[in-house]
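A short worksheet on the structure shown next.
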Amino acid sequence: MGSYDHLNNSEDKVLAQYLMESYIPLWQQNLALTQLTRQEAEWSLEIDQLMENLEIYSEKRLEMGQSFLRSYKNGDDQFFGEMDFIQSEIDSLLKVLEN
């Protein structure tokens with residue numbers, strides 16, 4: 001198993017509630033805002049690339065939250081590999097965004 005072995009403890013109920021009530025809606029808003037911003041103006045190539053990366057980053061954060069919820073609701077570790085992969089993509093995007 002990956003770094004998500006904690007999925008089966010009782011505190012995950014609190015995390016699942018947080019994901020549903022705060023985390024996922026926040027990243028949905030971030031994604032919508034990024035998409036709207038990209039559509040509303042002509043940006044330089046550099047800024048447009050940054051906005052595209054932010055859009056992808058928001059999508060990956062949503063995927064991570066949704067993957068955790070699937071694992072939590074199913075009561076299994078089926079999505080651990082998916083979550084590890086998504087986290088590696090997030091880490092790579094963060095490196096790009098930091099430069």
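- Residues E98 and K95 are not paired through a salt bridge, judged by the lack of any N-O separation under 4.0 Å between the basic side chain and the carboxylate.
- In this structure, CE on M83 lies 5.5 Å from CE on M64, to the nearest 0.5 angstrom.
- Considering all non-hydrogen atoms of both residues, S58 and T34 come closest at OG-OG1, 4.5 Å.
- Atom-to-atom distance recorded for S44:OG and M51:CE is 11.0 Å, nearest 0.5 angstrom.
- Using a 4.5 Å cut-off between side-chain heavy atoms of Ile, Leu, Val, Met, Phe, Trp and Tyr, with links allowed through other members, I56 and V96 fall into different hydrophobic clusters.
- Rounding to the nearest 0.5 angstrom, the gap separating the CD1 atom in I47 from the CD atom in E42 is 13.5 Å.
- Clustering ILVMFWY residues whenever any of their side-chain heavy atoms sit less than 4.5 angstrom apart, transitively, puts L54 in the very cluster that holds L94.
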Distance-only check: which donor-acceptor pairs under 3.5 Å involve side-chain atoms of residues 18-29, not counting sequence neighbours?
residue	atom	partner	partner atom	Å
E21	OE2	Q17	NE2	3.1
Y23	OH	R61	O	3.2

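- Here the CH2 atom belonging to W43 is positioned 6.5 Å from the OG1 atom belonging to T37, to the nearest 0.5 angstrom.
- Counting heavy atoms of neighbouring residues, nucleotides and ligands inside a 6.0 Å radius, atom CG of L45 does not exceed 12 of them.
- Considering only heavy atoms from C-beta on, K13 comes within 4.5 Å of Y72 through its side chain.
- E89 CD to K60 NZ: the interatomic distance, rounded to the nearest 0.5 Å, is 3.5 Å.
- Note: R38 CZ to E55 CD = 5.0 Å, rounded to the nearest 0.5 Å.
- Under the rule for a side-chain contact (heavy atoms from CB on, under 4.5 Å), the partners of E82 that lie at least two apart in sequence or sit in another chain are S67, R70, F79, I86.
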